[in-house]
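Below, read A as the first sequence line, B as the second, and so on, with proteins coming before strands; counting in each chain starts at 1.
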Amino acid sequence: MISAIKGMNDLFGEKAFRWGKMEEDIKKMMAAADFGEFRTPILEEIALFKRGVGETTDVVKKEMYDFLDKKGRHVAMRPEGTASVVRAFVEHGIGINYPTPFKAFYIAPFFRYERPQKGRFRQFHQFGVEIFGDETPQMDAEMIFTASRVLEHFGIDYEIHLNSIGCKKCRAAYREKLIEYFSARKDELCEDCRTRLELNPLRLLDCKACDPKARYADVPKMTDYLCDDCRNHFEELQKALHAFGVPFVLDPFIVRGLDYYTKTAFEIVAKTGGSQNAVAGGGRYDNLVSDIGGSDTPATGFAMGLERLFDLIPEDFYKEAPLSAGYALCDEAVLQLVEFTKKMSKENVRFLADYKPKKLKKALQKAEKTNASFVFVIGEDEAANGKILMKNMATREQTLFDKNDISGIISAISEK
RNA sequence: GUGGGUGUAGUUCAAUGGUAGAGCACCGGAUUGUGGAUCCGGGCGUUGUGGGUUCGAGCCCCACCUCCCACCCCA
């Protein structure tokens, strides 16, 4: 038997319905805030992610779903969205051809070669936004507001953790400070952290194994080392968030797993749920566009995990429209049912036709199983007299309609 | 990549190393055009895959794979 690839899921039935509604709602909210949809290919040259996301990141080092194509080109299935959108932004001269701020969003599948677990899969889906050409802290605030707005819409209990990780200049200074601080305590660190100290000292703050930030109250904080420009930006951002009415907590140890962030960095965690409770994350990336080969363009954005979001949305958040089902009880009724199906289709009602003639009892049993609210039956009598029988499954009420009385039928099924 | 658990009918699970079963679901029926209950009838499935031990393996051993949970990391 052939089964799905590890870490990849099928989606169908009622879950697929709710997933579709979730995406629909997100798209509506995006349209209202003038974010345009941005679609990019699933496959990219692996070099894009190495350069964009960062050679030293785990995502690139060990989680890339990559392979050689038939011409021997090294390609990767995108592990995140920002690098691709930036590549397209540069490739099409969007910064020159479109007014700024340029606001884009995506809802798309991504791939990471990881060991699956709760809330984590090899093919997963993210919703995200990217805003180009605007360096203001207010735009960062709007970006974070956008994420919170989506979560609010779905009634999710969340907490925003906010930090600034500075720019090239001040982060270098902070980095030195960190190295100095932890080098003095090297033998108290776990093995991983000793490596991190060499490669990417900022990530050391994230460690849960030896958990340095919990053990030492006096670990240097990035926010104490911000340059004037960055500190000012961070302060203005907080004011703007207050103005947007977005609640947040300052978390000086938020670093991000992707190398491209500057200044603003944030994560949103769900207050309910288990270990994989990071539902969204993002920040500013003022150097990425130029790193990819474009002109100097400030940018900011976030990504939200749709599987994680979906799990947080109550199951009864969306309800399917009541189903109507039609049955023919004899051969003579089949074509009349076909005609009726056509009429119902034009009315956009949720209608399921079963053309195989069956006894009334069977038809009702089937209607019961398919969860139909209204049943339409054409038997010998109805077929001969141009009628159709409607039964309300909940009340057991029956009404005989003229088969052409579509408006009467529609109002009957719309009442409840 | 690491650690733990798991894998038997569509599904949920049984089966002291000795011929693989049940509930649910599904299909059919209980006489004429009225549903959810009840009753009756209907299941050989390469026991995840491949090796090995044994007279004999669903059960023991090895490898690989799946799924679940956690770590790492992230959304």
Side-chain angles (χ1 to χ4, degrees), chain A residues 1-9 53 56-64 78-82 106-128 147 150-151 158 190-193 195-196 200 203 206-210 254-258 266-270 273-283 301-312 325 327-330 333 357-375 377-383 389-398 400:
Chain A
M1 194 182 66
I2 297 175
S3 49
I5 302 287
K6 178 170 179 164
M8 310 216 173
N9 299 117
V53 179
T56 62
T57 61
D58 281 9
V59 168
V60 166
K61 264 193 316 197
K62 40 188 238 201
E63 296 168 4
M64 201 80 91
R78 56 184 181 198
E80 57 102 52
T82 302
Y106 54 82
I107 297 185
F110 296 93
F111 303 85
R112 255 117 101 159
Y113 200 93
E114 300 183 88
R115 202 108 155 229
Q117 71 182 78
K118 191 177 194 65
R120 201 170 74 184
F121 308 96
R122 287 189 175 178
Q123 175 175 340
F124 60 103
H125 299 78
Q126 286 188 343
F127 147 62
V150 169
L151 297 176
Y158 63 92
C190 68
E191 207 176 310
D192 286 343
C193 279
T195 325
R196 287 188 184 109
N200 198 346
R203 293 225 52 82
D206 244 2
C207 181
K208 281 136 205 149
C210 58
I254 291 276
V255 281
R256 310 252 49 235
L258 283 44
F266 80 104
E267 281 176 11
I268 304 183
V269 298
S275 56
Q276 304 297 331
N277 63 350
V279 66
F302 73 83
M304 186 176 289
L306 289 187
E307 278 79 6
R308 292 179 189 178
L309 174 63
F310 187 80
D311 282 350
L312 294 167
Y327 299 92
L329 303 189
C330 57
K358 46 178 60 64
K359 290 179 189 169
L360 214 218
K361 188 186 180 104
K362 285 289 157 209
L364 288 170
Q365 281 178 356
K366 203 135 190 185
E368 185 65 40
K369 276 167 196 152
T370 44
N371 227 334
S373 304
F374 301 97
V375 173
V377 171
I378 305 175
E380 282 181 38
D381 296 349
E382 290 82 2
L389 182 71
M390 187 193 94
K391 177 159 192 169
N392 180 326
M393 292 297 277
T395 64
R396 291 174 177 258
E397 268 179 296
Q398 297 190 162
L400 195 61

Using a 4.0 Å heavy-atom cut-off, does [X] contact any base of the nucleic acid, only the sugar-phosphate backbone, or nothing at all?
| X | answer |
| --- | --- |
| Gly81(A) | nothing |
| Glu267(A) | nothing |
| Ala367(A) | nothing |
| Gly119(A) | base |

Between C69(B) and Lys118(A), is there an OP1 or OP2 to side-chain N/O distance shorter than 4.0 Å?
yes
Strictly below 4.0 Å: does Gln117(A) bring a side-chain N or O up to OP1 or OP2 of A70(B)?
yes
Please answer whether the main-chain N or O of [Y] pairs with a side-chain N or O of [X] as donor and acceptor at a distance below 3.5 Å.
| X | Y | answer |
| --- | --- | --- |
| Arg308(A) | Val279(A) | no |
| Glu307(A) | His125(A) | yes |
| Arg122(A) | Pro116(A) | no |
| Arg115(A) | Gly7(A) | no |

List the steps, then state whether side-chain contact (heavy atoms from CB on, under 4.5 Å) holds for Leu389(A) with Gln398(A).
CA-CA 7 Å; Leu389(A) 182 71; Gln398(A) 297 190 162; 4.0 Å; yes
Heavy-atom donor-acceptor pair, Arg112(A) side-chain to A75(B) base, under 3.5 Å:
yes
Write down the distance between [atom1] ([X]) and [atom2] ([N]), rounded to a whole number of angstrom.
| X | N | atom1 | atom2 | value |
| --- | --- | --- | --- | --- |
| Ile5(A) | U66(B) | CD1 | C1' | 12 Å |
| Glu368(A) | G35(B) | CD | C1' | 5 Å |
| Asn392(A) | G35(B) | CG | C1' | 12 Å |

For Phe110(A) and Phe124(A), take the angle between the two ring planes, folded into 0 to 90°, and tell me which bin it lands in: parallel under 30, tilted 30 to 60, perpendicular over 60.
tilted
For the residue pair Val53(A) and Thr82(A), establish whether any side-chain heavy-atom pair is separated by less than 4.5 Å.
no
Are the side chains of Leu329(A) and Glu380(A) in contact, using a 4.5 Å heavy-atom criterion?
no
Counterpart residues, ring pair (Phe, Tyr, Trp, His ring centres under 6.0 Å), relative to Tyr327(A) (two or more places apart):
none
Nearest nucleotide by nearest heavy atom, which residue falls closer to the 5' end of RNA chain B, Ala303(A) or Arg122(A)?
Arg122(A)
Can you work out whether Met393(A) or Val279(A) has the more 5'-proximal nearest nucleotide on RNA chain B?
Met393(A)
Selected nucleotide, minimal atom distance to Asp58(A) side chain, candidates A75(B), C72(B), G36(B):
C72(B)
What does the 5'-to-3' dot-bracket notation of RNA chain B look like when only Watson-Crick and G-U wobble pairs under 3.5 Å count, and pairs to other strands show as |?
(((((.(..((((....[..)))).(((((.......))))).....(((((..]....)))))).)))))....
Check the interface with nucleotides 3-7 of chain B: list each N/O to N/O pair with the protein under 3.5 Å, or write none.
from: G3(B); atom 1: O6; to: Arg115(A); atom 2: NH2; distance (Å): 2.7

Along nucleotides 24-34 of chain B, 5' to 3', which nucleotides get a B, which get an S, and which get a -, given that the test is a protein heavy-atom distance under 4.0 Å?
--SS-S---BB
Excluding sequence neighbours, so at least two apart, what forms side-chain hydrogen bond (donor to acceptor under 3.5 Å, both in side chains) with Gln365(A)?
Lys362(A)
Carefully, step by step, assess Asp311(A) and Lys118(A) under the rule side-chain contact (heavy atoms from CB on, under 4.5 Å).
CA-CA 10 Å; Asp311(A) 282 350; Lys118(A) 191 177 194 65; 5.6 Å; no
In chain order, what residues pass the salt bridge (Lys or Arg N to Asp or Glu O under 4.0 Å) check against Glu80(A), with sequence neighbours excluded?
none
Quick test of the criterion, 5.5 Å between centres and less than 30° between planes. Is Phe124(A) stacked on A75(B) or not?
yes
